[in-house]
Amino acid sequence: MNYWLIKSEPHVYGIKLLKKEKRSPWDGVRNYQARNMMRDDMKIGDFVLYYHSNCAEPGVVGMARVVSEPHPDHTQFDKKSKYYDEKAKEDNPRWILVDFEYVGEFPKAVSLADMKADPKLEGMVVVRKGNRLSISPVEGKHFRRVCKLGGWDPKDD
DNA sequence: GCCAACGTTGGC
DNA sequence: GCCAACGTTGGC
């Protein structure tokens, strides 16, 4: 079992929208490190901390789960999409993603400030200065700590 | 292959 | 809106 953190901007695709749609392909990722993690390392059933970025109070707001094998991001072939990539071909896709499923909202959000202030979360990728990766691996001990801070019982998973 | 210029992310 | 960090692009 691996744990992850994914960032999304709440005004673009917030956790409320994932809740409504139940599951979603994580399209639009155009960073090779993030792609490689989805393509090579994510497994069905892995738990994912859902993080809101670029907003008044950035932080982890809930839980999601990997629910698909890796497959091509269809937006790379769509000329009308802002994520269209002219170098990507149907028989040789460049961008690969997985689908995530809504699991739940935390009873209380865990803000970035809270995480930075918690000695138990030292070293976690998301609290590191200058971190811009939209997907990052999370250690089990950090995952459990964030759940605890959010009032989320991992036994519910 | 180096590296300057440029673009994007995202906290503040 | 500012700016630090850092990925990407393209000239050479």
Side-chain angles (χ1 to χ4, degrees), chain A residues 2-21 24-42 46-66 70-100 102-139 141-143 145-152:
Chain A
N2 290 310
Y3 302 102
W4 308 93
L5 179 145
I6 57 173
K7 292 181 185 173
S8 82
E9 303 191 21
H11 63 280
V12 177
Y13 199 93
I15 194 163
K16 294 269 197 288
L17 186 52
L18 182 63
K19 182 178 186 177
K20 191 174 151 202
E21 298 191 336
S24 175
W26 208 241
D27 58 22
V29 172
R30 295 293 179 268
N31 171 282
Y32 289 106
Q33 279 180 265
R35 178 204 67 181
N36 292 348
M37 282 187 272
M38 288 198 283
R39 186 187 63 188
D40 305 332
D41 301 324
M42 285 191 174
D46 282 357
F47 284 105
V48 179
L49 299 172
Y50 201 97
Y51 179 95
H52 279 171
S53 67
N54 229 333
C55 54
E57 180 134 290
V60 175
V61 293
M63 186 70 64
R65 174 158 50 183
V66 178
H71 59 97
D73 179 342
H74 70 92
T75 63
Q76 69 193 302
F77 310 124
D78 179 0
K79 284 200 171 71
K80 292 192 291 284
S81 169
K82 65 180 282 201
Y83 301 118
Y84 176 66
D85 183 343
E86 60 177 11
K87 292 181 185 146
K89 298 285 169 271
E90 298 265 0
D91 58 358
N92 185 22
R94 173 181 288 200
W95 303 108
I96 303 292
L97 51 67
V98 298
D99 296 357
F100 294 120
Y102 175 81
V103 175
E105 277 186 86
F106 280 2
K108 53 183 190 238
V110 184
S111 73
L112 180 61
D114 291 342
M115 292 193 282
K116 282 182 169 170
D118 188 339
K120 290 205 169 86
L121 295 177
E122 197 181 346
M124 193 175 169
V125 173
V126 76
V127 305
R128 293 214 278 260
K129 191 182 173 188
N131 158 62
R132 297 187 314 157
L133 257 187
S134 59
I135 296 177
S136 57
V138 175
E139 292 176 49
K141 63 180 179 181
H142 291 156
F143 177 84
R145 179 63 177 166
V146 172
C147 288
K148 190 173 179 193
L149 294 173
W152 178 272

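By convention in this document, chain letters (A, B, ...) are assigned in the order of the sequence lines, proteins followed by strands, and residues within each chain are numbered from 1. What's counted below: heavy atoms across the whole structure, side chains too, no hydrogens, waters or symmetry copies. Predicted model only: the values in this text are computed from it and were never measured.
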ask   = Can you name the one residue among A:R35, A:R94, A:R30 that meets side chain to side chain donor-acceptor pair (under 3.5 Å) with A:D73?
value = A:R30
ask   = Along DNA chain C, 5' to 3', what are the outermost nucleotides having an atom less than 4.0 Å from a heavy atom of chain A?
value = C:dA5 to C:dT8
key: Where A:S53 and A:P10 come nearest, the two heavy atoms and their spacing   = O-CD, 3.2 Å
key: Inter-axis angle, terminal five-pair segments of the helix from B:dG1-C:dC12 to B:dC12-C:dG1 [nearest 10°]   = 10°
Verdict with supporting geometry, A:V146 and A:Y51, side-chain contact (heavy atoms from CB on, under 4.5 Å) = CA-CA 11 Å; A:V146 172; A:Y51 179 95; over 6 Å; no
key: Pair A:H71-A:D99, side-chain donor/acceptor within less than 3.5 Å   = yes
ask   = What class does the angle between the rings of A:F143 and A:Y3 fall in, given that below 30° is parallel, 30 to 60° is tilted and above 60° is perpendicular?
value = parallel
ask   = Are A:Y32 and A:W95 an aromatic pair by the rule of ring centers under 6.0 Å?
value = yes
message = My understanding is that only one of A:V29, A:I96, A:I6 makes a side-chain contact (heavy atoms from CB on, under 4.5 Å) with A:M38; could you say which?
response = A:V29
